[in-house]
2 protein chains.
Amino acid sequence: MAPPAAIEVLATSDTQGIVIPDALTVNGVSARRAKAGKLNGGTAAFTSSDFFKHPSSGKPKAKRWDNYLSLESKSRMPSSLKGAAKYLGKPGLISLGGGLPCAENFPIEELTIKVPSPPGFSEEETSKTGTTVTTGKYDVSNGSGAYDLSIALNYGLGVGSAQMIRFVTEHTEIVCNPPYEDWQCALSVGSTSSLEQAYRIFCERGDYVISEEYTFASAVETALPLGIKFVGVQVDSEGLLPNLIDEILTNWDATARKARKPRVLYTVPSGQNPTGATQGTARRQAIYKVAQKHDLYIFEDEPYYFLQMQPYTGPNSPPVPAPKTNEEFLKALIPTYLSMDTDGRVMRMDSFSKVIAPGTRVGWVTASEQIIERFVRHNECSNQNPSGISQLVLYKLLDETWGHHGYLQWLIHLRLEYTRRRDALLEACEKFLPKDIVSWNPPAAGMFLWMKLNHKLHPSQSTNKPLTIAEMEDQVFLAAVGNGVLISRGSWFTAEREGFEAHELFFRATFAAATEEKMAEAIYRFGDAVRACFGVSNGGGDVEA
Amino acid sequence: MAPPAAIEVLATSDTQGIVIPDALTVNGVSARRAKAGKLNGGTAAFTSSDFFKHPSSGKPKAKRWDNYLSLESKSRMPSSLKGAAKYLGKPGLISLGGGLPCAENFPIEELTIKVPSPPGFSEEETSKTGTTVTTGKYDVSNGSGAYDLSIALNYGLGVGSAQMIRFVTEHTEIVCNPPYEDWQCALSVGSTSSLEQAYRIFCERGDYVISEEYTFASAVETALPLGIKFVGVQVDSEGLLPNLIDEILTNWDATARKARKPRVLYTVPSGQNPTGATQGTARRQAIYKVAQKHDLYIFEDEPYYFLQMQPYTGPNSPPVPAPKTNEEFLKALIPTYLSMDTDGRVMRMDSFSKVIAPGTRVGWVTASEQIIERFVRHNECSNQNPSGISQLVLYKLLDETWGHHGYLQWLIHLRLEYTRRRDALLEACEKFLPKDIVSWNPPAAGMFLWMKLNHKLHPSQSTNKPLTIAEMEDQVFLAAVGNGVLISRGSWFTAEREGFEAHELFFRATFAAATEEKMAEAIYRFGDAVRACFGVSNGGGDVEA
């Protein structure tokens, strides 16, 4: 294969000479809100991130993606009825236009939640010091609140409620401060849905998408029925290797592949599922440069961004002190692709599933105005917008009770929770797994530990009937189930499905779900299963020890 | 055009000889539940309508639709990770498989709603006698409830929660009792989403779908980006004309149309949007027979099914007495397509948007097992399932507080509410509209009044520059806005968009949203605008009168 040309940053995306205003900080939120005046958050009120961002940022505008839009996405027209909304501002106008039901017929008069009061985030503390927040049906017209049941229970607009768009826009500016002017946010019903919609915006049947060689199974399974295949890129402990992406794209043979050169990179930069790999800052910068060189659009899927943990110090070392302030915490996070996206070539997918609860079915995407507009048009003709009840509960929790300060405090709490869980799993692995056979990298983020089994040590290798890696995987998986532990098979996560043949033997374990005791017991059982399959005796300690 | 052949029911779908067991009744629910035993409704518990239906119905099986499935739908594979769920039943097994977060990290400890207690459904009654229902995080493991926050806030399966699937399955059996064996329900995030998914299951780019000539604008706008066009069928006061559907299909010229013969009928049988038309029983039967003759699959979109109102008796007649019992109420409803669907050729789309609240973003579909399975596969790779918070709130309201009896009582209450609203709007129309120009049929269901303006009476018609209907529509619409009332234009609802030219002049008014006083004022203003455009003097009474 031809060696790829040097990677150069395009001159147009060089922001050296541009003065970017200071990013929004947690402490700056109230001043900005005061300046913006009362939130217009009525029933199906029109809203946009533009109402809540730094008003004139002086940043460059995003690149246009006209040639990247699919036929489906290009042909989405704004709703004709929604076009009539512009008349609704006329004073005294009575609308017999839209079929919005009347709030008096919504049979939910009050909704109350009990939530933790920072910094007392544990269940035990909440039972003693938790905050109880009640929402009525007409709090907004009564002047007793900024969001209420009459609004949340009615139809909303495709972008989401003004209340939640304000919160996620501010949060995104605080965390990412995107370096281009026309970025916006839109709510989604979770990142699985965001990703499906993103495929439908950017891809046609027959296209290839680039990703890690092992990736989120659902990302592949969502793409395949749409006729989209994956090109898997080999990874190291920091995930995607930029030079390999460059090589694949430089040498792309459209005729042989029967597909045009890929235009989309799908990546989970932090705590990648399943490998647990986290791309460092330099790695992200290098990948962004490759994306610029080949004009790749990046789907930045970041459910685990805030599950970045404390550095792993090993079983006998003292833990690294926790971030003391929000500023320290934010500084400890690896910069997002969105934060380095001078071109507007990133759709960042955020989700409340891992940081609040999956059952909210609320997430959001951030991208340039052009892409968000297409995304919202699709929302209007599919899920419409996330559950108003979910949006109300999130608003009452995140904005009204916690505020941005409290939310970041919660995220620090979660960081320490996941650090504790990961460390417990790693300790069990150190103790109970045969280290000559099983190896792993301590994950810096996410929920998953990716374990590599040295298939060369499998006893069948020295016979004249060596097992294939798929057969070994089957054997170990079933032995583990037989021992009473379910661990995910590596092959479930292959990016390239058709005719895939594994060269390495992997398993994935999560530290999100089980208690520390159960994790230890599970790893003990798994170690036992591995030893049995690899024909070595149990010398790995005792779970009671 | 050739006259179509006689419509005959296919012999295989003749159920005359089949003994169908009695339908489930409201009073039969508790016995059936008692027999089924404890609900298995844990975190992401597998569920199916089959667990809750009449166990052995003796009905025929649904037709297979293998040749109707789109390439996209056919290629959906079950999730590999979800396939591992079968091992989870093993006693003592510890799962480090799926990345489900631990409930202790969900920062919502309690959720309380205040809801009406039947029969006191009004807001005023609820403020005095409403029921307050609290859900904790661990009610299920504590034995104090059948659904809790630890379950609702976690991931669920694509079909929906066991708790809500049980409720909607029972409700569907009570209301529709589908006459084939293998029907099932799946939750959706609302009917707009159900319809998008249905298109993607049954249609390919280039296909035509049959519908009313004026139809739900969003149904068309959802279809167009997918490359799906509509063939509009002329309607009368009962909606779709079956002989015209037959004619269109019999004479379908695939070459001239550059499209295969349509396979899908999209219809809103009750209170059709925008025409307000409701198909009577005989009309539905005749349309079903045409569907059988041409092997059409029917999308039965029924958001307004329970907004069937009391018969309209005119301004000076006494109202028809309200249904006294649930049985009387159910008998007063026109049978659904699903209830006559001996072939399993109907996907019925139900929604809580109009009968509880749109902001729940919860609906459900009912169809044969084959189609539901495809629908659920798509859910898994898009919205996943409706908000768990919405599902929990609906369950607590509908199942735990009201039960099926209370829910039907609520639906009777809503019937009378909408009757009152419709009657108020019609009274205003009688009073304030120039009846020589504007005509209408009193709607029997739904939220909309469809008004036809006699364009032949427009003064421009007798000049040498007669306005087109589109121009008249524009004139009246803007005059109405000028007078302070927004009424939807008929042309927004045309099924056939490309090169459409209107032959009649229509406007749509809703009686769902405004108060009775505002509706009267709005119609007064509209009448004024019409008179101004049609050059007649204001002789229509006074809004104060």
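Values below: every heavy atom of this structure, side chains too, minus hydrogens, waters and symmetry copies. Protein chains get the first letters and strands the later ones, always in sequence-line order, with residue 1 at the start of each. Not measured: the values here are computed from a predicted model.
There is no contact between A:Ser188 and chain B, counting heavy-atom distances below 4.5 Å. Only the backbone of B:Ala152 has a heavy atom closer than 4.5 Å to any heavy atom of chain A. Contact of A:Met447 with chain B is made through the side chain alone, with heavy-atom distances under 4.5 Å. Heavy atoms of A:Gln391 lying under 4.5 Å from chain B are absent altogether. With a 4.5 angstrom heavy-atom cutoff, A:Leu307 does not touch chain B via any of its atoms. For chain A, the nearby part of B:Leu88 is the side chain; its heavy atoms alone come within less than 4.5 Å. For A:Tyr199, no part lies under 4.5 angstrom from a heavy atom of chain B. Both the backbone and the side chain of A:Phe106 come within contact range of chain B, with heavy atoms under 4.5 Å apart. Neither the backbone nor the side chain of A:Ile151 has a heavy atom closer than 4.5 Å to any heavy atom of chain B. Heavy atoms closer than 4.5 Å to chain A are found nowhere in B:Lys74, neither backbone nor side chain. For chain A, no part of B:Asn273 is nearby; none of its heavy atoms comes within less than 4.5 Å. Neither the backbone nor the side chain of B:Arg377 comes within contact range of chain A, judged by heavy atoms closer than 4.5 Å. Looking at B:Ala103, the atoms closer than 4.5 Å to chain A (heavy atoms on both sides) all sit in the backbone: N, CA, C or O. Heavy atoms of A:Tyr155 lying under 4.5 Å from chain B belong to its backbone as well as its side chain. When heavy atoms are compared at a cutoff of 4.5 Å, B:Phe477 approaches chain A solely by way of its side chain, counted from C-beta outward. Both the backbone and the side chain of A:Glu109 come within less than 4.5 Å of a heavy atom of chain B. Interface residue A:Phe493: only side-chain heavy atoms are found under 4.5 Å from chain B.
Ion pairing between a basic and an acidic side chain is recognised when a charged N comes within 4.0 Å of a carboxylate O; A:Glu72 and B:Arg200 show such pairing. In summary, B:Glu521 and B:Lys518 do not engage in a salt bridge, as defined by a charged side-chain N under 4.0 Å from a carboxylate O.
Comparing A:Ser488, A:Ser387, A:Ala512 by how many heavy-atom pairs each has under 4.5 Å with chain B, the most go to A:Ser387. By number of non-hydrogen pairs under 4.5 angstrom with chain B, the leading residue of A:Gln384, A:Glu123, A:Arg489, A:Glu221 is A:Glu123. Heavy-atom pairs under 4.5 Å with chain B were tallied for A:Gly156, A:Gly227, A:Gly98, A:Ser73; the largest tally goes to A:Gly98. Interface summary for chain B: among A:Val355, A:Ile356, A:Thr126, the most heavy-atom pairs under 4.5 angstrom belong to A:Ile356. Ranking A:Thr132, A:Val362, A:Leu100, A:Asn154 against chain B, the residue ahead of the rest is A:Asn154, based on heavy-atom pairs under 4.5 Å. With chain B as partner, the option from A:Ser75, A:Ala357, A:Ser382 having the largest number of non-hydrogen pairs under 4.5 angstrom is A:Ser382.
With a 6.0 Å cutoff to the six-membered ring centre and a 45° limit on the axis angle, B:Arg421 does not count as a cation-pi contact of B:Phe511.
When only modelled atom types and interatomic distance are considered, B:Thr131 and B:Ser117 share a side-chain donor-acceptor pair under 3.5 Å.
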